[in-house]
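Step one of this worksheet: look at the structure below.
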Amino acid sequence: GVVLPRTNDDVVAIIEIVREIRPVAERIGRHDRDLARQLKKASVAIALNVAEGSGTRGGRRRNTYEIALGEARETRACLEAQGVPAKALR
């Protein structure tokens with residue numbers, strides 16, 4: 001299931017992790033521009049959907065967090081495709 005951010009600190013932490021992806025995407029872009037572009041788009045979508053969800057309630061909130069989860073999975077797949085373990089970001 002979807003784990004919902006409980007506090008504003010959770011939202012900020014998610015956004016910080018997404019920021020850490022940008023330099024990795026730049027390195028990937030030297031070899032695969034399409035994958036780097038997709039990685040950037042997916043990771044930014046995580047932050048945008050989490051931010052949007054934090055300002056809503058009920059079903060809409062859950063829906064935006066589910067979309068963010070899908071984008072997070074896509075981001076992880078992009079990283080793994082280049083041999084970058086997601087744990088390396090922290």
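A single hydrophobic cluster is seen to contain both Ile21 and Val84, as judged by linkage of ILVMFWY side chains at heavy-atom distances under 4.5 Å, directly or through other members. Using a 4.5 Å cut-off between side-chain heavy atoms of Ile, Leu, Val, Met, Phe, Trp and Tyr, with links allowed through other members, Leu48 and Ile14 fall into different hydrophobic clusters.
Taking OG1 from Thr56 and CG from Asn63, the interatomic distance works out to 9.0 Å, rounded to the nearest 0.5 Å. Cys78 contributes atom SG, which lies 9.5 Å from atom CD of Glu71 (distance to the nearest 0.5 angstrom). With rounding to the nearest 0.5 angstrom, the CZ atom of Arg62 is 10.5 Å from the OG1 atom of Thr64. How far CD1 of Ile46 is from CG of Leu69: 9.0 Å, rounded to the nearest 0.5 Å. Separation of atoms CD1 (Ile17) and OG1 (Thr75) is listed at 11.5 Å; rounding is to 0.5 Å.
Shortest non-hydrogen contact noted between Ala36 and Ala25 is CB-O, 3.3 Å.
With sequence neighbours excluded, the residues forming a side chain to side chain donor-acceptor pair (under 3.5 Å) with Glu74 are Gln38, listed by chain and number. Legend: residues meeting side chain to side chain donor-acceptor pair (under 3.5 Å) with Arg19, ordered by chain and number and at least two apart, are Glu16.
Judged as a side chain to side chain donor-acceptor pair (under 3.5 Å), the pairs with a partner in residues 40-52 (not counting sequence neighbours) are, in order, Glu26-Lys40, Glu52-Arg60.
With respect to Ile28, the side chain to side chain contact (heavy atoms under 4.5 Å, CB included) criterion is satisfied by exactly one of Arg37, Arg33, Gln82: Gln82.
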